[in-house]
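Just below is one structure, and these are the notes that go with it.
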Amino acid sequence: MPEYRNLQVEIDGGVVTVTIRRPDRLNALNRATIEELGVLFGELGENEEVRGILLTGSGSKAFVAGADIDELVQMGPLDAVEVSRLGQRVFREIELSRKPVVAAVNGFALGGGCELAMACHLRVASSTARFGLPEVTLGIIPGYGGTLRLSRLVGRGAALGLILTGEMIDADEALRIGLANRVVEPDALLAESRGLLQSIIRNGPVAVGFAIESTVRGQELALDDGLALESHLFGVLAATEDMHEGMRAFLEKREADFKGR
């Protein structure tokens, strides 16, 4: 993999840990960091050794404290559209990854950081984490998909409550409304997140990828179209070696040896 200026990348047992490293800016997302995330996730999608991805921020204060305001304040209208579309494109690639992506939210996940966490498939939060979309307090709105993803995760009323006030919520409230999947103490965050990923990647990788696709895309389709997509993917899986191995293993009462094909 190439070297990255703002990202630290480590692979262990099929799990890649990606750490956003801009500690002097509380890991705020500037254009260069978003571009690096886009390049990296493209690489990870093509790497057959990679089974799952853990995304976190450096230090204990912030997952990602937001977008880099020093950059945003210089935007004109065309710049703003371009920046928004860049973030949307990269976050959409994360969301549509067929490899499970877990966000380990270790502190502030605000603005673009909250939007990045929502683009991941699952979110494990430290008890010290804080979530929010404070863009309206700056005279803008979430621009990386936050208005859409938050409402789909927690419902329109709860989403508008957060978006229109710009208020932060703690980890327990994020868990209660469905924004976080789990809350753990800070010193257990990475282990819990890796354990969650390990419990996923021991399953059939093609099935996991198709389950993500059917769930994410299906939510965006009319019901009949979503059902058609689900049955199509269900049928394709019946042609895989993994399906036959998984069912044989179940009948023979042993662990399945999935090959990803």
Side-chain angles (χ1 to χ4, degrees), residues 7-23 26-27 29 37 40-41 44 50-66 90-91 93-133 144-146 149-150 152-155 158-159 162 168-203 205 208-209 211-212 215-216 219:
L7 306 175
Q8 178 180 312
V9 184
E10 302 170 302
I11 184 167
D12 180 21
V15 171
V16 171
T17 300
V18 180
T19 305
I20 298 173
R21 297 189 65 184
R22 297 190 74 215
L26 292 179
N27 305 321
L29 294 175
L37 284 169
L40 174 61
F41 273 85
L44 297 180
V50 175
R51 298 283 304 279
I53 302 158
L54 174 62
L55 182 62
T56 193
S58 63
S60 60
K61 292 184 178 180
F63 172 71
V64 169
V90 172
F91 290 12
E93 183 171 4
I94 294 171
E95 182 176 48
L96 293 177
S97 169
R98 287 185 175 175
K99 298 175 181 182
V101 184
V102 172
V105 182
N106 52 308
F108 292 114
L110 305 177
C114 187
E115 291 177 289
L116 177 58
M118 288 191 290
C120 299
H121 302 127
L122 298 169
R123 286 153 294 283
V124 180
S126 161
S127 59
T128 61
R130 297 293 183 270
F131 295 83
L133 293 174
Y144 299 154
R149 291 193 179 96
L150 185 59
R152 287 171 176 167
L153 280 169
V154 306
L162 290 173
M168 284 190 296
I169 59 173
D170 63 19
D172 288 337
E173 178 66 4
L175 180 65
R176 188 189 71 80
I177 67 175
L179 180 53
N181 296 93
R182 299 181 183 181
V183 175
V184 299
E185 291 306 306
D187 58 0
L189 178 65
L190 291 181
E192 181 77 12
S193 301
R194 289 193 184 100
L196 177 58
L197 265 177
Q198 291 290 348
S199 72
I200 295 170
I201 67 174
R202 69 169 61 103
N203 299 313
V208 167
I212 292 170
T215 302
V216 173
Q219 190 176 37

Quick check against the 3.5 Å criterion: does Ser97 have a side-chain atom that pairs as donor or acceptor with the backbone of Ile94? no

Under 3.5 Å donor-acceptor, Arg21 side chain and Ser58 backbone: no

Just by modelled atom types, is the Arg130 backbone N or O under 3.5 Å from a matching donor or acceptor in the Asp170 side chain? no

At what distance, to the nearest 0.5 angstrom, does CD1 of Ile53 lie from CD1 of Ile11? 9.5 Å

Give the minimum heavy-atom separation between Asn27 and Pro23, together with the two atoms involved. OD1-N, 3.6 Å

Closest non-hydrogen contact found for Pro186 with Thr128 is CG-CG2, 3.8 Å

Arg123 side-chain N/O to Leu179 backbone N/O, donor-acceptor pair under 3.5 Å: yes

Could you check if a side-chain atom of Leu162 sits within less than 4.5 angstrom of a side-chain atom of Leu133, using non-hydrogen atoms only? no

Quick one: side chain to side chain donor-acceptor pair (under 3.5 Å) partners of Ser193, sequence neighbours excluded? none

Taking all non-hydrogen atoms of both residues, which atom of Ala171 and which atom of Val183 are closest, and how far apart? O-CG2, 3.5 Å

Identify, with sequence neighbours excluded, every residue that meets side chain to side chain donor-acceptor pair (under 3.5 Å) alongside Arg202. none

Looking at Arg152, I'd like to know if its CZ atom is crowded, meaning that more than 12 non-hydrogen atoms belonging to other residues, nucleotides or ligands lie closer than 6.0 Å. yes

Rounded to the nearest 0.5 Å, how far apart are CE of Met118 and OH of Tyr144? 13.0 Å

Mind checking whether Val16 and Val9 have side chains closer than 4.5 Å, heavy atoms only? yes

Taking all non-hydrogen atoms of both residues into account, name the closest pair between Gly113 and Phe63 and its distance. O-CE2, 3.4 Å

With no hydrogens and no angle check, is any side-chain donor or acceptor of Ser126 less than 3.5 Å from a backbone partner on Leu189? no

Here the gap from Leu190 atom CG to Thr19 atom OG1, rounded to the nearest 0.5 Å, amounts to 7.5 Å

Value for CD1 (Ile212) from NZ (Lys99), rounded to nearest 0.5 Å, stands at 11.0 Å

Report the distance from atom CD of Glu93 to atom CG of Leu37, rounding to the nearest 0.5 Å. 10.0 Å

Is any side-chain heavy atom of Val208 less than 4.5 Å from a side-chain heavy atom of Pro100? yes

Sidechain-backbone polar pair: Glu10 side chain, Thr17 backbone, donor-acceptor under 3.5 Å: no

Has the side chain of His121 got a donor or acceptor atom that lies under 3.5 Å from a matching backbone atom of Glu95? yes

Nearest 0.5 Å please: distance from the CD1 atom of Ile20 over to the CG atom of Leu29. 5.5 Å

Once side chain to side chain donor-acceptor pair (under 3.5 Å) is applied, do any residues pair with Gln219, and if so which ones, sequence neighbours excluded? none

Return yes when atom CZ of Phe108 has more than 12 non-hydrogen atoms of other residues, nucleotides or ligands closer than 6.0 Å, and no otherwise. no

Does Leu116 reach the side chain of Leu55, with side-chain heavy atoms less than 4.5 Å apart? yes

